[in-house]
**Q** 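Here you go, one structure.
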2 protein chains.
Amino acid sequence: MTFSKINDTIHLNQQNRGDILSKNLKLKSARAAKDMSQKNVADAVGVTRQTINAIENGDYNPSINLCIAICKVLGKTLNDIFWEDDTSD
Amino acid sequence: MTFSKINDTIHLNQQNRGDILSKNLKLKSARAAKDMSQKNVADAVGVTRQTINAIENGDYNPSINLCIAICKVLGKTLNDIFWEDDTSD
DNA sequence: ATAATAAGTAAAATATATTTGACATTTAGT
DNA sequence: ACTAAATGTCAAATATATTTTACTTATTAT
């Protein structure tokens with residue numbers, strides 16, 4: 001049994017930061033729903049506002065623990081904010 | 001027929017240990033359900049087997065893109081494998 | 001007993017997430 | 001006009017995820 005590599009996008013994304021990654025609009029709207037600024041969320045989860053800004057703008061990919069912390073602050077789950085539902089493409 | 005060494009009682013408590021090293025047993029079982037080795041998953045998502053091993057054993061936290069890739073390989077979602085459902089903050 | 005695969009672990013090197021500090025733009029409010 | 005808060009972005013420094021190489025143990029099968 002062989003397994004094909006489906007994760008080429010990771011290294012591609014890491015090399016072309018800001019080019020290919022799309023914005024996380026779910027995060028932006030979830031934050032807006034809580035009426036929190038980027039700095040508010042950043043302080044709540046213990047990172048800088050630049051980090052939250054970069055995540056929203058798709059400049060790099062956060063760690064799973066940071067994603068979980070953000071979700072909890074915003075009252076959402078990982079699937080709500082970070083799961084890409086692009087089943088059709 | 002050989003007998004394996006049963007050397008610890010830790011396994012009995014793995015599910016509900018709140019310690020530093022909380023293993024990701026959901027990942028382990030999802031991988032077992034697909035009959036894939038750590039190296040199989042590693043190759044499929046484009047990382048080394050040490051990375052998969054470290055994630056399963058809770059040694060460090062992967063990036064969200066790697067988590068998504070792992071989930072897709074195993075036919076699971078982020079919530080299935082990486083969302084911790086302990087509502088006690 | 002030997003070989004082969006899977007798994008656990010570790011030290012050093014590399015890649016990249018995150019911080020720090022700074023500057024610019026927009027928006028809303030006096 | 002000014003002020004402040006929120007956002008966007010950038011370069012350099014730091015922290016840490018990930019790789020590479022290697023050694024070890026466990027398991028299964030020959």
Side-chain angles (χ1 to χ4, degrees), chain A residues 1-3 5 7-71 73-74 81-82, chain B residues 1-8 10-11 14 17 19-70 73-74 82:
Chain A
M1 184 181 300
T2 62
F3 301 98
K5 179 174 179 177
N7 197 32
D8 301 301
T9 55
I10 281 192
H11 295 296
L12 192 59
N13 288 343
Q14 286 171 347
Q15 287 168 359
N16 299 343
R17 304 221 304 258
D19 253 353
I20 296 178
L21 285 174
S22 56
K23 295 193 173 194
N24 193 326
L25 297 181
K26 297 179 204 165
L27 173 53
K28 264 188 123 152
S29 63
R31 182 171 58 80
K34 286 282 184 180
D35 194 24
M36 297 179 74
S37 67
Q38 291 179 347
K39 185 170 193 315
N40 285 337
V41 174
D43 291 343
V45 302
V47 295
T48 64
R49 69 176 185 83
Q50 284 90 337
T51 296
I52 302 299
N53 185 14
I55 294 170
E56 285 191 359
N57 290 334
D59 284 346
Y60 51 70
N61 295 310
S63 68
I64 186 69
N65 272 356
L66 178 52
C67 291
I68 290 172
I70 292 172
C71 286
V73 164
L74 298 179
I81 296 187
F82 294 102
Chain B
M1 180 66 66
T2 63
F3 293 91
S4 61
K5 195 163 42 174
I6 313 253
N7 52 358
D8 52 3
I10 294 177
H11 290 297
Q14 272 180 352
R17 284 163 70 210
D19 340 298
I20 325 153
L21 234 69
S22 61
K23 297 193 173 186
N24 193 328
L25 297 181
K26 297 180 204 165
L27 172 53
K28 264 189 122 149
S29 64
R31 181 170 59 79
K34 287 281 184 180
D35 195 25
M36 297 178 74
S37 67
Q38 291 179 347
K39 184 170 193 318
N40 284 337
V41 174
D43 291 343
V45 303
V47 297
T48 64
R49 70 176 183 84
Q50 284 86 342
T51 297
I52 302 300
N53 186 10
I55 294 170
E56 286 191 359
N57 290 334
D59 285 347
Y60 50 71
N61 295 309
S63 68
I64 185 69
N65 271 358
L66 178 52
C67 291
I68 290 172
I70 292 172
V73 164
L74 297 180
F82 293 102

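Letters go in sequence order (proteins before strands), and every chain restarts at 1. Nothing here was measured: the structure is a model prediction, and the numbers come from that model.
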**Q** Side chain of A/Asn53, heavy atoms from C-beta onward: which of D/dT18, D/dG8, C/dT9 has the nearest atom to it?
**A** D/dG8
**Q** Distance check needed: C/dT9 P versus B/Ile55 CD1, whole Å only.
**A** 15 Å
**Q** Roughly how far apart are A/Leu74 CG and A/Lys26 NZ, rounded to 0.5 Å?
**A** 14.0 Å
**Q** In residues 43-50 of chain A, which ones come under 4.0 Å of DNA chain D, going by heavy atoms?
**A** A/Arg49, A/Gln50
**Q** Using atom CG of B/Asp35 as one end and atom P of D/dT28 as the other, report the distance to the nearest whole Å.
**A** 14 Å
**Q** CD of B/Glu56 versus P of C/dT9: gap in Å, rounded?
**A** 12 Å
**Q** Looking at every heavy atom in both A/Asn24 and A/Leu27, which two are closest together, and how far apart are they?
**A** OD1-N, 2.8 Å
**Q** Would you indicate whether the side-chain heavy atoms of A/Cys71 and A/Phe82 approach each other to under 4.5 Å?
**A** yes
**Q** Whole angstrom is fine here: how far is it from CG in B/Asn61 over to P in D/dT16?
**A** 11 Å
**Q** Identify the two heavy atoms, one from B/Ile55 and one from B/Pro62, that lie closest to each other, and give their separation to 0.1 Å.
**A** CD1-CB, 3.6 Å
**Q** Under 4.0 Å: is that the gap between some side-chain N or O of B/Lys28 and OP1 or OP2 of C/dG8?
**A** yes
**Q** If we check side chain to side chain donor-acceptor pair (under 3.5 Å) with A/Glu56, which of these qualifies: A/Lys28, A/Lys23, A/Gln38?
**A** A/Gln38
**Q** What is the separation between atom CG on B/Leu66 and atom P on C/dT16, rounded to the nearest whole Å?
**A** 13 Å
**Q** Taking CD1 from A/Ile52 and P from C/dT18, how many angstroms apart are they, rounded to a whole number?
**A** 9 Å
**Q** Side-chain N or O of B/Arg31 less than 4.0 angstrom from OP1 or OP2 on C/dA6?
**A** no
**Q** Determine the sole option in B/Ile68, B/Val73, B/Leu66 for which the side-chain contact (heavy atoms from CB on, under 4.5 Å) test with B/Ile70 is passed.
**A** B/Leu66
**Q** Could you check how far NZ of B/Lys23 sits from P of C/dA7, rounded to whole Å?
**A** 12 Å
**Q** Can you tell me which nucleotide in C/dG8, D/dG8, D/dT19 comes closest to the side chain of B/Gln38?
**A** C/dG8
**Q** Using a cut-off of less than 4.0 Å, is there contact between a side-chain N or O of B/Asn57 and OP1 or OP2 of C/dT9?
**A** yes
**Q** I want to verify a distance call: between D/dT7, C/dA7, C/dT9, whose nearest atom is closest to the B/Ser37 side chain?
**A** C/dA7
**Q** Please report the distance, rounded to the nearest Å, between NZ in A/Lys39 and P in C/dT19.
**A** 12 Å
**Q** With a 4.0 Å cutoff (strictly under), does any side-chain N or O of A/Thr51 reach OP1 or OP2 of C/dA17?
**A** no
**Q** Of all the heavy-atom pairs spanning A/Ala44 and A/Met36, show the shortest one and how long it is.
**A** CB-CE, 4.5 Å
